Amino acid sequence: MEIYELTAHQLHEKLKAGEVSAQEIVKGLYQRIEDVEDDVKAYITLTKERALEQAKKVDQQLADGEEIGALAGIPIALKDNMCTEGIKTTCASEILHNFKPPYNATVVEKLEEAETVLLGKTNLDEFAMGSSTENSAFFTTKNPWDLDKVPGGSSGGSAAAVAAGEAVLAIGSDTGGSIRQPASLCGVVGMKPTYGFVSRYGLIAFASSLDQIGPFSKDVSDCALALNYICGHDPRDSTSAEREVPDFTESLVDDASGMKIGVPKELMDEGIEAETREAVKKAIAKFEELGAVCEEVSLPHSEYALSAYYLIAPAEASSNLARYDGVRYGHRSPEGQGLLDMFTKTRSEGFGDEVKRRIMLGTYALSSGYYDDYYLKAQKVRTLIKEDFAKAFAEYDLLLSPTSPFTAFGVGEKTDSDDLLQMYISDLCTVPANLAGIPGISIPCGFDSQGLPIGLQLLGDYFAEEKLIQAAYTFEQNTDFHQQRTEI
Amino acid sequence: MLKDYDITIGLEVHAQLDTETKIFCSCSTEFGAEPNTHTCPVCLGMPGVLPVLNKQAVEYAIKAGLALNCEITDFSKFDRKNYFYPDLPKAYQISQFDLPLCEEGYIDVMTDEESVRIGINRIHMEEDAGKLIHAQGGESLVDYNRGGTPLIEIVTEPDITSPIQATAYLKKLKNILEYLEVSDCNMAEGSLRCDANISLKPKGQSELGVKTELKNMNSFKAIEKALTYEIKRQRKLLKEGGKVVQETRTWDDEVEKTFSMRSKEEAHDYRYFPEPDLVPLEVDEAWLQEIKEEIPELPKARRERFVNELGLPEYDAEVLTDSKSIADFFEAVLEEYDDPKTVSNWMMGDMLRLLNEEELEIEEIKIEPVELAQMLKLMDDGTISSKIAKTVFEEMFNTGKKPETIVEEKGLKQISDSSELEGIIEEVLAENQSAVEDYQAGNENVIGFLVGQTMQATQGKANPQLVNEILRKKLAD
Amino acid sequence: MKVMKIDETMVEKVAMLSRLELSSSEKEQMTEQLNDILEYADELNELETEDIEPTAHALPIKNVFREDKVGESLARKDALKNAPQKEAGSFKVPQIIETDE
C-alpha cells in the first residue's frame, strides 16, 4: 500500500517501528498532491516548506528515542476558514484574498502541539456558505469518486483531500452540515462534535451560534484520535464547554448490543433519494444484526429546521461579515469616492453572489419590523427542535438517518439561480443537529448505482461523542465501505 | 423655567470604567498611548476572534448601579448593535439592548434649596469605539486604542426640567462615580461624555413635544449652554408656528450654537440581536453581597460624618465632599494636623480660590497634604505669622516647594526677639508722634494703627502679639 | 398574483444597510430570490410559538469572565500589516463625505 492510502493510526505504528520517517510521509503526501491535485483541486494554499520543517522535528524526536504523540508527523489539511499565523487565510473569498492573520486559531495551536504536519489550506464555499464548493471565489473542488461531480460543501476541499489521499486527516467546520455532507459525498468519515466542544477562536465566523469545528478521516479510529487532540475548553471562547476530554479511542469498541437507536421518520421520507434510503435501511438491518434495537421515532419539528436555519444563519452572518469593510485588512476597492462609496464598492466587489444573498436575507430578517416575524420566530422554532431531540434522547442512545438526501451531484447541476432551494435542500438531514447543538457523525454506508458513496448519519445527545464513536466503529468493523478507495 | 412651555430633558451619560484592560480583551486601557499600540486581533475585529467579558468591568457597573439606587437584574445579556463606521472595527458594537444590567434607579439633586429626584431608567454595559483623526486631504486616520474600553451608559428618565438641574445631576453623578472609583470621570480625556435629549411642550399639554438629541458637549459649562441655546431655539420655532425636527444636533463650543448633524432617516436600523459569542450574565445574591461590601463611603455618608464626627459646619462639609479628591486631601491633612476647622478654612479659602483662579483641578495641585499640615504647624509654633502663612501658602501653590524651604529662602521667619522688636518699635513711635499723643489722650484705638505700622516695617514678620505687648508697655511709660 | 414578501424598494434599503451595491438586474434577481426563500420560510407560521422561549445559545453556559489583567497586545506593525492604507501608525480611510452615521 502507498503511504497516502494509510490512516493516521497505521502511519503512527510505522513511524514508531521505524519503517517510515515523518519526512518520507510528508513527501509521499506531496507526491500524491502533485499527481492528483490538478484534477481534484482541493487546496487553496500549500505549505510545503513549513510541513517539511515540522516533519523534520518529529524525525529528530524519534531519532532521540523520544515518545511521540499519536498524531505527531501526521499530515493534515485545514479548511481555509481557520486562521494560521503568517499563512494566507482566505475563506475562499476575494475580500480576504490577501489576508495573513497575525494569530493562530486555537485548533491550529492544538494541532501544532500535537505535532501534526500542516500540508495546506483547503477550498470551501466562500465563507462556508454552500453545499458544493462551487461558491468558492477561486475554483470548484471536484469529487475524487467522479471528477464531474461536486465534493459537497462547504468543507469540500477537506473532504476531497482525504478521499483522494491528498491528506491523512483534515479539519473542517460545520454550520448546517458542512462537515457531514461532504464527508458523505466523498465517502469518508466526518464528525461535527457538540457545539462548544472545540474552540471557535480563530475560526472565521459564519453563524456563531451554529459553527463547530470537526475532523475528516478515512476511518472512525482516526476520527477518535483527532477528537482527542482538538476538543477541550478554551478561555478565549466564552461559548466553549468546560468539560474533561475523554480518551475517545477507548470508545473504539466493536459492540452495538443493546444500543437503542431511533430512526426519525421525517428524515427517511420521499425527500430522500431511493438508493440512499435503501442503503440506510440496510445499515439499520446491520445494526439490528449486531444487537442494536432500531425503532422509528418522530422529530415532528425537523421539517421546519431548514427554514429556521436559513433565517438564523444568514442573520448572524450578516453581522459577522460586516467587518469586511476595507479598513483594517482584506480587499479595498480602489474605485470609491469617499467613505460610504469605499464601503459599498469594497463589499460588492469582494463578496460573491451567495454571500451577498445571505447578507441581504439576514439583514432583512433582523431589520426593524421584521425581526419578530423572522429572526425571533426562527429562534423559537429552534427551541422546539431542541425539545424534539431531548424527547428522543430520553428514549434512545442515538438517532440514525441518511447524511444527505442524495449522493454527489454534477458540477453546475444545482446552481440554477432561479431555484436556490435545490441546493439548500442538501442540508435537510444535517441542519437539525446544528440548531440543537448536538454532535453528529457521517460514515460511509454504501454506494449508489453510479458508484458514488452514500453516507450514514448518527446523531447523539450533548457530549455523547463516545456513544457515536462506538456505534460508528462497530458498523465500520462489520462492513467494508470505508476500505473502498477512489480510482483517481 | 419658561412661562409658556414645559422643558423635558433626558441625559445619556457614557462613563469609561477605570479597569486595567478592555472589556473583551486584555489590551491596556491606558490613555494617551501611541496610536494602535494597545490593540490585538480581538479589539481590531479581525476575522474569527471572540470576546471574553472582563469581570472587573461587570463589578464596576454593578457598583455604579447600586450606588445609583438601581435594581440589579438577575439575568442580563449582551446584544450586537449593527452599523458601519471606521471607528467600529466589527461594524457592530457589543452593547445591551432589552436586558440591561441595572434598571430603575435615581439620584436626588439639590438646586435652589429644592431637592429633585431624577429617575435613572437604566445602566447598561458596552464597548467604546476607536478614534478618528482627520488628516490632511480630507482623509481620516483611525486609532483603535480606545476601541473596546468598557463603558457604562447611564440613561435618565425625562425628569429634568432645566439646564441647571441637568448640570446639578451631572455633577452629582460624577461625584458618585468618583467616590466609587469606577471611573475617573475626566471629561477632557473623554472618560465622561454626555448626550442630551430635549423637547418643549406648551404648558398643560400632556403629550411630550418632538425632541432633539444634542451631542459633542465636552464640559458641564458646554452642556448648560447647549441646553439653554436649544431651549431658546425650539421655543422660537414653536412660537413662530414652526415644527421641531427630530434629529441629532451637535454643539459647537466656539460659536455657542447647535447644528443639525443629519436627519434620523431610515438609514438607522441597528438590527439589535443577542450576541452569540457571549453567554448570559446572572448576578446572584451572594455575588451582589460581595460587591455591596466593597462599596466605599459615598458623598452623603461622608458629609454626615464630617458634620457629626469632625464638627464641621454643614456648609464646609458640603463643599469639601463635593469632590472625592478634595475630601481625600482634607482627610490626609487631618492625619498630620488634627484641627478640622482650621484645615477646612485653609482649603475652602485660599486653596479653592487659587485653584479656581488658575483653573486647575485638585489633582493638579502641587501641594502635598502633609505640607499643608507642616505649614499649619509652623504657624502654631510661632515660626510664621498667620499673615506670612498666606504668602507661604501661595508660594507653595505656585512652586510646590516645602513650607520650611520657602520660609528659609525668603527669610520669612517671625521676629519674636523682644530686643530686636523694641528697636523697631521705637523708630515707629518716633515717626508717629501724633498717634502716640492720641493714645496718651485716651484714644486706645490707635494701637491697631501702630501695630500695623510695625508689621509693615518688618514686612509682616513681627510677632503681632509681642508687638502689641511691647507697644502697650512703651506707651504706658 | 402572488403577494411579494419583499419588494425592490425594500431590497434597496436592505442593500444600503448591508453596504452592498446592486445593479438593476441584480436588484431584480435578488428580489425574486429573497421572495422565494421568504415564502419557503413562511411555513414557520404554521407553528404556534407564542409561549416558546427563543434559543440563542445551544448550551446553557452563563457567567464566563476573564480577569482584569493586562496581556500582550500586537506589535503595531503586525496590527497594521494587513491594512490597505496606513499612515502615522494608523489605518487610513477615505474622506467621510456623507453624513449617514
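Throughout, a chain's letter reflects where its sequence line sits, starting with A, and its residues are numbered from 1. This structure is a prediction, so every number in the text was calculated from the model and none was measured. Atoms considered below: every heavy atom in the structure, side chains included; atoms not considered: hydrogens, waters and symmetry mates.
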Exercise. What's the verdict on side-chain contact (heavy atoms from CB on, under 4.5 Å) for A:I312 and B:F273, showing C-alpha distance, side-chain angles and the deciding distance?
Worked result: CA-CA 11 Å; A:I312 292 171; B:F273 75 104; over 6 Å; no
For this session: Run the numbers on B:R271 and A:Y375 for side-chain contact (heavy atoms from CB on, under 4.5 Å), then give the verdict.
Result: CA-CA 11 Å; B:R271 291 158 285 136; A:Y375 183 71; over 6 Å; no
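Ranked by heavy-atom pairs under 4.5 Å with chain B, the list A:D211, A:I204, A:L96 is led by A:I204. Of the listed residues (B:S140, B:P41, B:P276), the greatest number of heavy-atom pairs within a distance under 4.5 Å of chain A belongs to B:P276. Between chain A and the options B:A91, B:G138, B:C40, heavy-atom pairs under 4.5 Å are most frequent for B:A91.
Applying the side chain to side chain contact (heavy atoms under 4.5 Å, CB included) test between A:Y201 and each of B:D277, B:V52, B:V49 identifies B:V49 as the sole match.
A:S318 has its side chain out of reach of B:Y92: every pair of non-hydrogen atoms, C-beta onward, lies at least 4.5 Å apart. No side-chain heavy atom of B:Y270 sits less than 4.5 Å from a side-chain heavy atom of A:S368. Contact annotation: the side chain of A:S208 never approaches that of B:E275 to less than 4.5 Å [non-hydrogen atoms, C-beta and beyond].
Remark: side-chain polar atoms of A:R323 are not paired, donor with acceptor, to backbone N or O of B:P89 under 3.5 angstrom. In this structure, B:D269 contributes its side chain and A:S367 its backbone to no donor-acceptor pair below 3.5 Å.
Interface residue A:R200: backbone and side-chain heavy atoms are both found under 4.5 Å from chain B. Proximity to chain B is limited to the side chain of A:Y103, based on heavy atoms less than 4.5 angstrom apart. Neither the backbone nor the side chain of A:T106 comes within less than 4.5 Å of any heavy atom in chain B. Contact annotation for A:N81: neither backbone nor side-chain heavy atoms come within less than 4.5 Å of a heavy atom of chain B. Only the backbone of B:Y272 comes within less than 4.5 Å of a heavy atom in chain A; its side chain stays farther off. For a residue to count as touching a neighbouring chain, one of its non-hydrogen atoms must lie under 4.5 Å from one of that chain's; by this rule A:Y370 does not touch chain B.
Surrounding CD of B:E189 are more than 12 heavy atoms belonging to other residues, nucleotides or ligands, all under 6.0 Å away.
How far CG of A:D234 is from CG of B:L50: 8.5 Å, rounded to the nearest 0.5 Å. Annotation: the span from A:R236 atom CZ to B:S26 atom OG amounts to 10.5 Å, rounded to 0.5 Å.
Contact record, B:P47 with A:F99: CD-CZ, 3.5 Å, taken as the closest heavy-atom pair.
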